[in-house]
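Only this structure's heavy atoms are used, side chains among them; waters, hydrogens and symmetry mates stay out. Every chain is numbered from 1, with letters handed out A, B, ... down the list of sequences. Treat the numbers as computed from the prediction; the structure is a model and nothing was measured.
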Amino acid sequence: MRYDHQAVEAKWQARWEADDAFATPTDRTRPKYYVLDMFPYPSGSGLHVGHPKGYVATDVVARAKRMMGFNVLRVMGWDSFGLPAERQADREGKHPREITKRNIATFKGQLARLGLSYDWSRELATSDERYYRWTQWIFLKLYEQGLAYQADVPVNWCPALGTVLSNEEVKDGKYVETGDPVERRNMKQWMFKITVYGDRLLEDLEDLDWPEGIKQMQREWIGRSEGAHIRFDVDGHDERIEVFTTRPDTLFGCTYVVLAPEHELVDQITTDAQRAAVAEYRTAVGAMSERDRTTQAADAPKTGVATGAWAVNPVNGEKIPIWIADYVLAGYGTGAVFACPAHDERDYAFAKTFELPIREVVSGGDVAAAAYTGDGAHVNSSFMDGLHIDDAKKAVIAWLEEHDAGAGTVQYRLRDWLFSRQRYWGEPFPLVHTEDGEVVTVPEDQLPVRLPELDAYKPTADGRPPLARAEDWVQTTTPDGRPAVRETNTMPQWAGSCWYYLRFISPTSDEFAWDPDEERYWMPVDLYVGGAEHAVLHLLYARFWHKVLYDCGLVNTKEPFQRLFNQGMIHAMSFNDSPDGRGKFYYPSQVEETAQGSGEWRVKETGEPVFTKVMKMSKSRYNVTNPDDMCRDHGADAMRLYEMFMGPLEDGAMWEDSGVAGTRRFLEKAWRLVVDNPKLVDGPIANPDVERALHSAIRKVTKSVETLRFNTAISEMMIFVNAATKAKAISREWMSAFVRILAPFAPHVAEELWETLGQHEALVSAAWPEWDEEKLKVAAITYAVQVNGKMRGTIDMPVDAAKDAVIGAAKALESVSRLLDGKTIRREIFVPKRLVNIVAN
RNA sequence: GGGGGCGUGGCGGAAUUGGUAGACGCGCUCGAUUCAAAAUCGAGUGGCAUAGCCGUGAGGGUUCGAGUCCCUCCGCCCCUACCA
């Protein structure tokens, strides 16, 4: 019987469904394993082969863990609120719900074909009202904790979309999805005080089993820095300017103060003589797009203008000029800095530009030539003279605190989280506003606050969010009967993904968001796999919510995701008529190589040359491979195997269809060992080499379930299959063990072979085979023989051969004795079971 | 500018962590099978001036021995960007 992958896959997928094979176990006596994929946004374009790479990896782990006796929670859902569906709905004149439903069906169908062992009874979608009811409930928890507030903040306003975008959705002053321009505008928005949790978000990273790079990115994002607030009196005013600095020790080197152009004191302190210049500068800066202000490098020319006002340095009473400059950011620290040009590169550049004085206060550099930021003894610094940076900081902070001129403080780069969007397709806030401006929460038993039906999803003519169109919905009352209007902003897409891992625990309950007992059993997530693009935001937001829930006593772990793993992206060759990849892309079918192996390509139709470049697989680059095609041509099993075989899971790798053909051949070979093979026998067979290959494969695959190094595990399985193919006789017992370690990777073929071997127990819960150290032992060791560090041959010796015997045998080699002839042996290196090296001259 | 990662055959990648570089797979070559092709099977496959020499981006160092450790340089990728 031939290996007909389509028949085999259809058969076993139907069987699994009929048997409910991947239902989450309910007994609580066994150890648990919660393995989770970062759930996708179901886009309209469907999946390419890059998307399921992480899902295949987690499926291998899930299937293996089940066989190892764990209760496995393995689930999939949809991050289904979001702007693209809303925009698509607008284009098609349909409801976003319809678009979302359609996209989910496409995604689910594609995933189903891969034989991924999800418990589909736990499927969830964040846009489902039975789900977002609880998202609103969690919002209330945060609100009750005093973590939500409204603020008039500068936001990324996209006029074309009529909505506010989050910082991460804006790049180079444009919306990343559509390229529409984005501008800054002050608007009243809901904010979360994530900064309150800054220290804990930072500290608790320590105990997580996450890639070091991701932890580092989170640390930098939080950006904790210790320093001091220092207050400067403004000469002739009652106002004081507060600055933040990490180098209070350089205070005696301060020769001017700089405010952000937006700083609130600018208007008050600017002198009449400077008023026009200041106004002009502020207008110029205000006209610059966010892009212009943020893409400037640190070494960009410095601009600024003096206010004409003077500040008083608290430590020495010196009067120093107050400037404004755009290199001081309004949003960080206090929006004001004191400048010590001698020991800060930006201040130095600024002082040089405007010929401001530079005063050395830390010795060790040449401040006439450049800013010196290194350590050294302080000079010109009164009570700090002679101290190095650390001690000088302590001394000056003590002085400032004593004289009520400042204090030591900690500053975060992390900002509070802008949590509202002017969109339709998101969670409504469970809040109403009374006529006198009071914000009242919607009681828990009245959740969910459902999205109203609208006839259009655009903002209103007067610029209010789409929900404002639902007049009847907006007009409501408070629980105590006062008239009120509903909040018309919706939550950002991050909301749903902040807690979905908890909902999977009790996905269908209308009684609670999750069952506390079940939560105690399943949490934390043991393995969380997804792309590195979520390194900061999703993971930080989810950790924040989780910590709030922890503080409310609603979850029992401090952190949601114990182990995190980032799978690498899949790349593919792309063809573009511009060498930098910015021109027109062509499909592989539209181009041809000018001569085989030439590496030069042209467009078939026009003969125009095209440039090849390996790029991330994406629809816009015309270089995607559809998993459905792979399943049809080579089978889901071959594709799964190839994705795991391409290279280390964390690395990017280039997709090649021929690679799938290779893993398919491997499956064919395995098939032939079991199906209609006359060499397959019942009794035990003594064949140490094949047995060693088998046990080596068992060991490697078993370990790979922890290390996720599947590429080498698969290669060990290939070695076994090659060895078994060459053997004169094959034991049924070997194949039974082999099929079980193959099962997580290629589950459909494995099921078929398992059945063919006459096994009746379900393979998905069959016992995982164990390797036998005895079987891994070899009878003889091949020693490498070196003379003066160069390879001169090998010798086979018994495992327990003594040093002298091995060295004797090495010297007896003709290739060795020839070289030793007439020389004196200086040293003999012997590495047991590895090599001998004879040093002679 | 800062931070992180990486450089190994024609290609993807292995290498017990300082001990036979190139496992396994792709591709390629030859052979078997076939009227022929595909598929399949078998053999081979780092380079070269082939008793040997050279080879892990380049150069230096440590060592009996370096892909692996240390310095200098070159190149590529990712993240970040005036954060005081």
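Here Asn837(A) lies in heavy-atom contact (under 4.0 Å) with a base. Residue contacts for Met654(A): at a heavy-atom cut-off of 4.0 Å it reaches no nucleic acid atom on any strand shown. Residue contacts shown for Glu220(A) are limited to sugar-phosphate atoms, with no base heavy atom under 4.0 Å away. Counting non-hydrogen atoms under 4.0 angstrom, Glu656(A) reaches the backbone sugars and phosphates but no base. Using a 4.0 Å heavy-atom criterion, one finds that Arg664(A) contacts no nucleic acid atom at all. Here Gly662(A) lies in heavy-atom contact (under 4.0 Å) with sugar-phosphate atoms only. Across all strands shown, Arg672(A) has heavy atoms under 4.0 Å from sugar-phosphate atoms exclusively, and none from any base. Residue contacts for Arg415(A): at a heavy-atom cut-off of 4.0 Å it reaches a base atom on one of the strands shown. Residue Thr794(A) is classed as a base contact, given a heavy-atom separation below 4.0 Å to a base.
When Watson-Crick and G-U wobble pairs are counted only if both distances are under 3.5 Å, rC28(B) pairs with rG44(B). With a 3.5 Å ceiling on both atom-pair distances, rG18(B) lacks any Watson-Crick or G-U wobble partner. When Watson-Crick and G-U wobble pairs are counted only if both distances are under 3.5 Å, rC76(B) pairs with rG5(B).
Syn is the glycosidic conformation of rU17(B), whose angle stays within 90° of 0. With a glycosidic angle no further than 90° from 0, rG9(B) counts as syn.
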Problem set entry | Stepwise side-chain contact (heavy atoms from CB on, under 4.5 Å) test for Tyr372(A) and Glu360(A) | CA-CA 9 Å; Tyr372(A) 175 66; Glu360(A) 179 180 53; 5.9 Å; no
Problem set entry | Verdict with reasoning, Lys777(A) to Glu774(A), per salt bridge (charged side-chain N to carboxylate O under 4.0 Å, His left out) | CA-CA 5 Å; Lys777(A) 287 186 178 162; Glu774(A) 287 299 314; 3.3 Å; yes
For this session: Could you walk me through whether Val721(A) and Phe738(A) pass the side-chain contact (heavy atoms from CB on, under 4.5 Å) test, one step at a time?
Result: CA-CA 9 Å; Val721(A) 166; Phe738(A) 170 73; 3.5 Å; yes
For this session: Dump the intermediate steps for side-chain contact (heavy atoms from CB on, under 4.5 Å) on Ser696(A) and Ile719(A), then the final yes or no.
Result: CA-CA 9 Å; Ser696(A) 176; Ile719(A) 292 170; over 6 Å; no
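Picking from rC54(B), rA23(B), rA84(B) the nucleotide with the shortest atom distance to the side chain of Ile719(A) gives rA23(B). In the set rA14(B), rC53(B), rC24(B), the nucleotide with an atom closest to the side chain of Phe645(A) is rC24(B). Comparing atom distances between the Thr245(A) side chain and each of rC82(B), rU40(B), rA84(B) picks out rA84(B) as nearest. Comparing rA84(B), rG25(B), rC26(B) by their closest approach to the side chain of Arg665(A) singles out rC26(B). When the nucleotides rA43(B), rA84(B), rU20(B) are ranked by their closest atom to the side chain of Thr246(A), rA84(B) comes out on top. Looking at the side chain of Ile829(A), the nearest of the listed nucleotides rG3(B), rC82(B), rG19(B) is rG19(B). When distances are taken from the side chain of Lys302(A) to each of rU20(B), rC82(B), rC79(B), the shortest belongs to rC82(B). Nearest nucleotide to the side chain of Gln786(A), out of rC53(B), rA14(B), rG19(B): rG19(B). For Val839(A), the side-chain atoms get nearest to rC64(B) when compared with the rest of rU80(B), rA84(B), rC64(B). The side chain of Met718(A) approaches rG25(B) more closely than any other nucleotide in the set rA84(B), rC41(B), rG25(B).
A distance of about 15 Å separates the P atoms of rG10(B) and rA49(B), rounded to the whole Å. Spacing of C1' atoms, rU45(B) relative to rG25(B), comes out at 14 Å, to the nearest Å. Using atom P as the reference point in both rA36(B) and rG27(B), the two lie 23 Å apart (nearest Å). Spacing of C1' atoms, rC54(B) relative to rU8(B), comes out at 15 Å, to the nearest Å. On the C1' atoms, rU40(B) is 11 Å away from rU34(B), given to the nearest whole Å. Remark: the separation of the C1' atoms in rA58(B) and rG7(B) is 12 Å, to the nearest Å. Taking atom C1' on both rU68(B) and rC78(B), the two are 24 Å apart, rounded to the nearest angstrom. The C1' atoms of rA15(B) and rG9(B) are separated by 15 Å, rounded to the nearest whole Å.
When the C1' atom of rG25(B) is taken as reference, atom CH2 of Trp655(A) falls 14 Å away, rounded to whole Å. In this structure, CG of Asp651(A) is placed 9 Å from C1' of rC6(B), rounded to the nearest angstrom. For Arg709(A) and rG25(B), the CZ to C1' distance is 16 Å, given to the nearest whole Å. At whole-Å resolution of the value, NE2 in His634(A) and P in rG25(B) are 17 Å apart. Across the protein-nucleic acid pair, Ile807(A) atom CD1 and rC64(B) atom P stand 16 Å apart, rounded to whole Å.
Under 4.0 angstrom from either OP1 or OP2 of rC82(B) there lies no side-chain N or O belonging to Arg413(A).
Salt-bridge check for Arg240(A) with Glu242(A): failed, with every basic side-chain N at 4.0 Å or more from each acidic carboxylate O. In this structure, Arg247(A) pairs ionically with Asp249(A), as a charged nitrogen and a carboxylate oxygen lie closer than 4.0 Å.
Among Phe338(A), Phe350(A), Phe354(A), the single residue meeting the ring pair (Phe, Tyr, Trp, His ring centres under 6.0 Å) criterion with Tyr256(A) is Phe350(A).
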